[in-house]
Amino acid sequence: MKYCTFAPLLKHLHNMEREVRVRFAPSPTGALHIGGVRTALYNYLFAKKMGGKMLLRIEDTDQTRFVPGAEQYIFESLEWCGIKLDESPIHGGPHAPYRQSERKPMYMDYALQLVEAGHAYYAFDTAEELDAMRERLKAAKVATPQYNAITRATMKNSLTLPEDEVKRRLESGEPYVIRLKVPRKEEVRLKDMIRGWVMVHSSALDDKVLMKSDGMPTYHLANIVDDHLMGITHVIRGEEWLPSAPLHVLLYRYLGWEDTMPEFAHLPLLLKPDGNGKLSKRDGDKLGFPVFPLRWVDPVSGEVSSGYRESGYLPEAFINFLAFLGWNPGTQQELFTMEELIEAFSIERIGKSGTRFDIQKARWYNEQYLRAKPDTELAQYLLAALPEQDIACSPERAEKIVGLMKERVTFPQDFWKEASYFFVAPTQYNEQVAAKKWSAAAAGAFEQFRNELGSLTEFNADTVKALLLQVLERNGLKIGQVMQALRIALTGVEAGPDLMAIIEIIGREETEQRIDAALSKLAQYAA
RNA sequence: GGUCCGUUCGUCUAGGGGUUAGGACACCAGAUUUUCAUUCUGGUAACAGGGGUUCGAUUCCCCUACGGACUACCA
């Protein structure tokens with residue numbers, strides 16, 4: 001109780017003069033998933049908005065879950081997203097090392113400090129004994145079976161065992177853990193920047209393990225020690241941490257760090273599209289969209305999961321989309337560059353409720369960003385796809401093509417997929433449209449058109465169109481009656497940009513050849 | 001089960017004691033067009049339910065329902 005009156009005020013004063021420092025602290029247990037990327041993004045936006053620093057810390061205290069390549073994947077993902085780190089295991093920094101496994105020696109001191117102060121204790125219970133305890137409590141219909149102020153009295157720990165036996169066990173190298181001695185009854189309050197005051201009774205918390213028997217700290221101890229040592233001012237993390245946040249407050253208090261305790265902001269979760277549970281790594285591609293920023297190959301199972309990058313999402317679009325999942329600027333503006341996001345960002349405008357994931361919106365953002373790019377840049381996407389097709393194309397020609405196609409693509413790879421007819425004559429025709437639109441009259445007109453193409457002194461969309469109209473008029477045909485047929489003849493498909501522009505790009509000779517081919521291949525419909 | 005968090009159109013959300021409850025995506029219709037797409041115009045569509053407080057509640061309070069998270073020597 002004695003802390004409650006002044007601590008918040010002191011903390012407030014203290015934090016006001018501190019440089020904002022936030023951290024993103026993933027564990028390298030696999031690919032970083034999209035929810036993690038959003039957490040990283042919000043941390044980054046907040047840090048930059050406040051003129052502060054963002055660091056990345058690898059939380060690898062569970063050696064059994066280490067996955068090779070995961071750490072590299074995290075860095076590559078953040079880099080692709082444009083989230084820049086000020087300090088990290090690879091960027092270095094004043095608080096190195098930034099991998100908890102490399103910081104291992106420093107945690108025990110703090111755990112022992114807690115033991116000495118009477119806020120933690122040694123426990124020697126085996127896994128079997130813990131199971132038995134939980135079974136017993138369950139059988140006795142105890143609402144929450146946990147290692148706590150009541151049950152600790154029945155277990156093997158330094159609070160129940162005689163002092164000399166505890167000493168003997170420790171000296172003989174018997175495995176032990178250090179547990180936090182959570183008070184029996186005490187209200188623990190914490191102020192969350194998104195949710196306001198959250199109150200939890202200490203009886204709902206159990207005596208969490210702080211140091212594991214392998215000598216590694218658990219997340220709970222390690223994150224408090226490191227956040228304190230690294231000068232973290234704001235902890236922005238997922239809502240799944242909210243239930244254990246009071247425990248963390250207790251740790252700050254017992255370690256004597258309450259006056260510089262970071263402020264907390266627990267982010268609403270990213271939910272599956274049906275709202276049924278949070279988006280998880282294990283969802284892979286099951287939901288019909290990637291849950292990872294980059295493609296990921298599981299090093300053990302070899303299972304491949306698709307990524308946003310490889311699917312054709314632009315990092316700017318991906319980030320803009322992600323930023324709006326749970327946050328909004330309160331204005332009508334939808335499109336934001338990273339700089340604009342930083343400028344507009346505030347934690348107060350983060351929503352409270354879980355956010356369902358909607359891939360449709362991500363596609364829309366991608367289209368917007370794609371269309372905003374200059375043709376010279378878009379041309380690179382098309383050009384990049386051509387060598388493997390064994391096709392040569394000048395940058396100027398590619399530019400013209402993407403200029404015509406950009407309004408109708410969602411991803412960069414669509415340029416080749418949707419526009420291959422600029423390079424390759426159709427080998428088959430849309431039969432439905434052919435059956436409906438091809439006619440003897442049309443075919444006749446096309447033949448004349450084809451034969452007169454050679455007479456044009458200038459060959460471009462305008463002159464070609466003029467010629468076509470002339471031929472059609474001579475044959476008593478309307479443009480609407482035959483255009484679809486001509487489109488099929490030249491491209492094979494029913495949809496696409498302005499046909500005359502297509503003709504201009506594929507050129508006179510190719511146009512003549514394609515009409516010839518169509519006249520013979522589609523003759524069956526000319527009845 | 002227990003603890004905690006949440007609930008405005010199908011989805012993301014704005015708003016906030018008196019509003020025609022606003023926008024975006026998606027969807028539908030019309031216009032333009034040589035097709036499709038784009039673009040433009042218009043449209044369908046929401047305050048979970050019940051109690052209070054109040055002249056008045058979607059907004060504040062309580063309860064219920066529903067949803068979610070957590071409940072490891074994992075993070």
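In this text the structure is predicted, and so the values were computed from the model without any measurement. The sequence lines fix the lettering, A, B, ..., with proteins before strands; numbering per chain opens at 1.
Under a 3.5 Å cut-off, the side chain of A:Ser244 and the backbone N or O of A:Leu247 do not form any donor-acceptor pair.
The interatomic distance linking A:Glu334 (CD) with B:rU11 (P) rounds to 17 Å, in whole Å. One atom, OH of A:Tyr369, and another, C1' of B:rA24, lie 14 Å apart when rounded to the nearest Å. Computed from coordinates, the A:Leu205 CG to B:rA72 C1' distance equals 15 Å when rounded to whole Å. A:Met211 places its CE atom 12 Å from the P atom of B:rA75, with the value rounded to the nearest Å.
Among B:rC73, B:rA69, B:rG2, the nucleotide with an atom closest to any side-chain atom of A:Thr144 is B:rG2. Closest to the A:Ser353 side chain, of the nucleotides B:rU8, B:rA24, B:rG22, is B:rU8. For A:Arg134, whose side chain is taken as the heavy atoms from C-beta onward, the closest listed nucleotide among B:rC73, B:rA24, B:rA69 is B:rC73.
Side-chain atoms of A:Asn366 and A:Thr410 form no donor-acceptor pair, as typed in the model, at a separation below 3.5 Å.
At least one side-chain nitrogen or oxygen of A:Lys278 sits closer than 4.0 Å to the OP1 or OP2 atom of B:rC70. Between A:Arg487 and B:rA37 there is no side-chain N or O to OP1 or OP2 distance below 4.0 Å. Distances shorter than 4.0 Å separate none of the side-chain N or O atoms of A:Arg65 from OP1 or OP2 on B:rA75. Listed pair A:Thr355 / B:rU13 meets the phosphate criterion, a side-chain N or O lying under 4.0 Å from OP1 or OP2. Distances shown here put every side-chain N or O of A:Asn223 at or beyond 4.0 Å from the OP1 or OP2 atom of B:rA75. Close to B:rA75, at under 4.0 Å from its OP1 or OP2, lies a side-chain N or O of A:Lys212. Contact annotation: A:Thr331 side-chain N/O to B:rG23 OP1/OP2 distance is not under 4.0 Å.
Between A:Arg371 and A:Asp60, the one whose closest nucleotide on RNA chain B sits nearer the 5' end is A:Arg371.
Within the 4.0 angstrom heavy-atom criterion, only backbone atoms of the sugar-phosphate kind lie near A:Val198; the bases stay farther away.
Checked against a 6.0 Å centroid threshold, the rings of A:Trp438 and A:Phe446 count as neighbours. The aromatic ring centroids of A:Tyr308 and A:Phe289 lie 6.0 Å or more from each other. Ring centroids of A:Tyr219 and A:Trp241 are separated by less than 6.0 Å, placing the two rings close together.
In a base pair of the Watson-Crick type (N1 to N3 plus N6-O4 or O6-N4) or a G-U wobble (N1-O2 and O6-N3), with each distance short of 3.5 Å, B:rU58 is matched with no nucleotide. Pairing of B:rG1, defined by two Watson-Crick or G-U wobble distances under 3.5 Å, is identified with B:rU71. The pairing partner recorded for B:rU19 is none, the criterion being a Watson-Crick or G-U wobble arrangement whose two distances lie under 3.5 angstrom. Across all strands shown, B:rC28 is found opposite B:rG42 as a Watson-Crick or G-U wobble partner, with both distances under 3.5 Å.
A donor and an acceptor atom never sit less than 3.5 Å apart when one is taken from the side chain of A:Thr218 and the other from the base of B:rC73. If you check distances only, the side chain of A:Lys361 does reach the base of B:rA24 with a donor-acceptor pair under 3.5 Å.
B:rC9 and B:rG23: their C1' atoms are spaced 12 Å apart (whole Å).
Figure legend: A:Arg57 and A:Tyr98 shown without cation-pi pairing, the cationic atom not lying both under 6.0 angstrom from the six-membered ring centre and within 45 degrees of its axis.
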